[in-house]
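Each remark here refers to the structure printed beneath this line.
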Amino acid sequence: MLPATFKLCAGISYRHLRNMTGLRRTAAVALSHQLEKLALVGPGPSQWINQVRRRSSLLSSRLEEKAFNEAEISYIKQGEEALKKSMNILGEQDGWKVEIVAENGDKVLSKVLPDIGKVFKLEAVVEKPLDRVYGELVDNMESMGEWNPNVKEIKILQKIGKDTVITHEKAAETAGNIVGPRDFVSVRCNKRRGSTCILAGMSTRFGGMPEQKGYVRAENGPTCMVLHPVLEDPSKTKLTWLLSIDLKGWLPKSIINQVLSQTQVDFAKHLRSRVAMSSNVSLC
């Protein structure tokens with residue numbers, strides 16, 4: 001039976017057979033069953049059998065997911081690339097310069113990176129559990145314009161699988177119209193690693209959202225927010241937000257730096273108010 005099983009698995013390496021989802025699923029299940037039998041026989045190469053079994057189980061579960069087209073796969077890869085680059089930047093602890101330290105302890109730091117330019121990092125603690133903060137930032141993403149004055153609108157243009165979305169964001173004008181209307185088209189990737197949630201993103205192109213009249217199409221990324229429970233008090237959430245933006249246009253760097261760092265401080269303040277209000281509503 002085992003040779004026949006491997007023939008079936010080998011057969012799906014041909015392109016015209018690989019596209020047959022049912023055949024791929026059958027091959028994965030058959031291989032898993034045969035490996036189970038081998039593992040029960042007795043002494044033998046159980047280590048590699050267990051490794052292949054785990055891989056075949058993963059393959060079988062992946063085959064249950066929706067098949068993505070080339071464009072969707074490209075967006076998924078862009079999101080994962082944004083996540084990887086962002087985490088690499090946050091992993092480098094040296095070279096950060098303090099921009100703002102608020103009275104409540106919120107801190108904004110900055111760093112100049114080759115090929116990217118100046119990036120900003122917010123470090124703050126939100127006095128609510130991780131799931132509540134995550135729900136507001138991800139599940140209720142399109143409602144952000146209701147509580148964040150720096151955001152006029154966020155609209156999800158396309159969802160790709162469980163972790164990736166394409167969004168269009170309109171930024172609100174700054175006081176005195178120092179920075180005029182900007183908009184962004186972004187790919188966003190959400191991942192959970194144990195008790196840590198990572199929300200990463202970067203600018204992308206989307207055929208259904210060309211440049212809009214009255215807005216300057218700005219670019220962002222790599223950018224991300226990292227959420228995890230505070231070690232000393234898991235009812236609170238540590239928020240780290242890496243921000244990298246090119247606002248385009250002819251704006252002095254001093255103004256851009258001031259606007260972006262203050263935007264991060266304001267975001268933490270408005271987020272706290274939002275999750276506190278949501279908690280009060282849920283208790284009613």
Side-chain angles (χ1 to χ4, degrees), residues 68-92 96 108-123 134 137-139 141-142 144-145 148 150-172 179 181-193 196-212 215-227 239-249 251 253 256-257 259-261 263-264 267 271:
F68 300 115
N69 59 40
E70 289 186 9
E72 292 169 334
I73 292 173
S74 175
Y75 286 129
I76 291 172
K77 289 182 177 179
Q78 289 176 45
E80 292 176 345
E81 179 185 0
L83 187 149
K84 181 179 178 181
K85 287 184 176 180
S86 297
M87 296 308 293
N88 285 341
I89 294 172
L90 291 177
E92 294 290 336
W96 292 96
V108 176
L109 304 98
S110 68
K111 188 176 186 178
V112 178
L113 299 175
D115 302 325
I116 294 179
K118 195 164 188 176
V119 298
F120 296 84
K121 178 175 67 171
L122 168 71
E123 296 178 346
Y134 178 88
L137 295 177
V138 178
D139 299 333
M141 182 189 307
E142 291 185 304
M144 189 176 292
N148 186 352
N150 293 314
V151 175
K152 188 173 183 179
E153 179 185 66
I154 294 183
K155 183 178 180 181
I156 295 176
L157 303 176
Q158 182 179 350
K159 292 183 178 181
I160 305 172
K162 297 181 295 183
D163 303 326
T164 306
V165 295
I166 311 297
T167 62
H168 179 235
E169 310 105 52
K170 292 181 179 179
V179 179
R182 258 61 176 175
D183 72 341
F184 306 83
V185 175
S186 308
V187 56
R188 300 178 181 229
C189 171
N190 308 317
K191 297 289 184 180
R192 191 156 192 162
R193 297 175 178 174
T196 299
C197 295
I198 306 172
L199 324 174
M202 64 187 297
S203 287
T204 191
R205 295 181 182 275
F206 188 77
M209 185 54 67
E211 294 190 13
Q212 305 292 292
Y215 285 86
V216 175
R217 179 62 50 88
E219 295 183 356
N220 60 23
T223 183
C224 79
M225 292 185 183
V226 181
L227 309 171
L239 164 66
T240 302
W241 176 17
L242 176 71
L243 178 63
S244 171
I245 281 187
D246 181 356
L247 291 174
K248 302 297 185 181
L251 295 171
K253 289 185 177 180
I256 293 175
N257 295 341
V259 168
L260 295 182
S261 56
T263 294
Q264 290 192 298
F267 175 84
L271 177 61

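With respect to Lys121 and Glu123, a salt bridge is recorded, a charged nitrogen being found less than 4.0 Å from a carboxylate O. Taking a cutoff of 4.0 Å between a charged side-chain nitrogen and a carboxylate oxygen, Lys77 and Glu81 do not qualify as a salt bridge.
The heavy-atom pair separating Ala218 from Asp246 by the smallest distance is CB-O, 3.3 Å. Across Thr164 and Tyr75, no two heavy atoms sit closer than the pair CG2-O, 4.2 Å. Between Phe184 and Ile245, the shortest heavy-atom distance links the atoms CZ-CD1, 4.2 Å. Lys248 and Arg217 make their closest contact through CG-O, 3.6 Å (heavy atoms, listed as atom of the first residue, atom of the second, distance).
Within the 4.5 Å cutoff, the side chain of Met144 has heavy atoms near those of the Leu137 side chain. The shortest side-chain heavy-atom distance between Asn150 and Phe267 does not fall under the 4.5 Å cut-off. Within the 4.5 Å cutoff, no side-chain heavy atoms of Lys253 are placed close to those of Lys118. Counting heavy atoms from C-beta on, the side chains of Val151 and Glu169 never come closer than 4.5 Å. Looking at heavy atoms from C-beta onward, Ile116 lies out of side-chain contact with Lys85 at the 4.5 angstrom threshold. By the 4.5 Å heavy-atom criterion applied to side chains, Gln264 and Leu260 are not counted as neighbours. The side-chain heavy atoms of His168 and Gln212, taken from C-beta on, include a pair separated by under 4.5 Å.
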Name each donor-acceptor pair under 3.5 Å that joins a side chain in residues 197-208 to protein atoms two or more places apart or in another chain, with its distance.
from	atom 1	to	atom 2	distance (Å)
Ser203	OG	Asn220	N	2.6
Ser203	OG	Asn220	O	3.3
Ser203	OG	Asn220	OD1	3.2
Thr204	OG1	Gln78	OE1	2.7

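Judged by distance alone, with hydrogens and angles left aside, the side-chain atoms of Thr223 form a donor-acceptor pair with the main-chain N or O of Leu242 at under 3.5 Å. The main-chain N or O of Glu70 is never found under 3.5 Å from a side-chain atom of Ser74 such that the two would form a donor-acceptor pair. Judged by distance alone, with hydrogens and angles left aside, the side-chain atoms of Glu92 form no donor-acceptor pair with the main-chain N or O of Ile89 at under 3.5 Å. Of the possible donor and acceptor atoms, one in the side chain of Arg182 sits under 3.5 Å from a partner among the backbone N and O of Leu247.
How far CZ of Phe120 is from CD1 of Ile256: 9.0 Å, rounded to the nearest 0.5 Å. Rounding to the nearest 0.5 Å places OG1 of Thr167 at 6.5 Å from CG of Leu157. In this structure, CE in Met209 is found 11.5 Å from CD1 in Ile166, a value given to the nearest 0.5 Å. Distance check: Arg193 CZ to Leu83 CG gives 5.0 Å after rounding to the nearest 0.5 Å. One finds the CE atom of Met225 at 8.5 Å from the CG atom of Leu243 (value rounded to the nearest 0.5 Å).
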Discussion item. Would Leu271 and Leu239 count as a side-chain contact (heavy atoms from CB on, under 4.5 Å) here? Give the steps.
Written reply: CA-CA 11 Å; Leu271 177 61; Leu239 164 66; 4.1 Å; yes

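Residues passing the side chain to side chain donor-acceptor pair (under 3.5 Å) test with Asn257, sequence neighbours excluded: none.
Lys152 NZ: 12 or fewer foreign heavy atoms inside a 6.0 Å radius.
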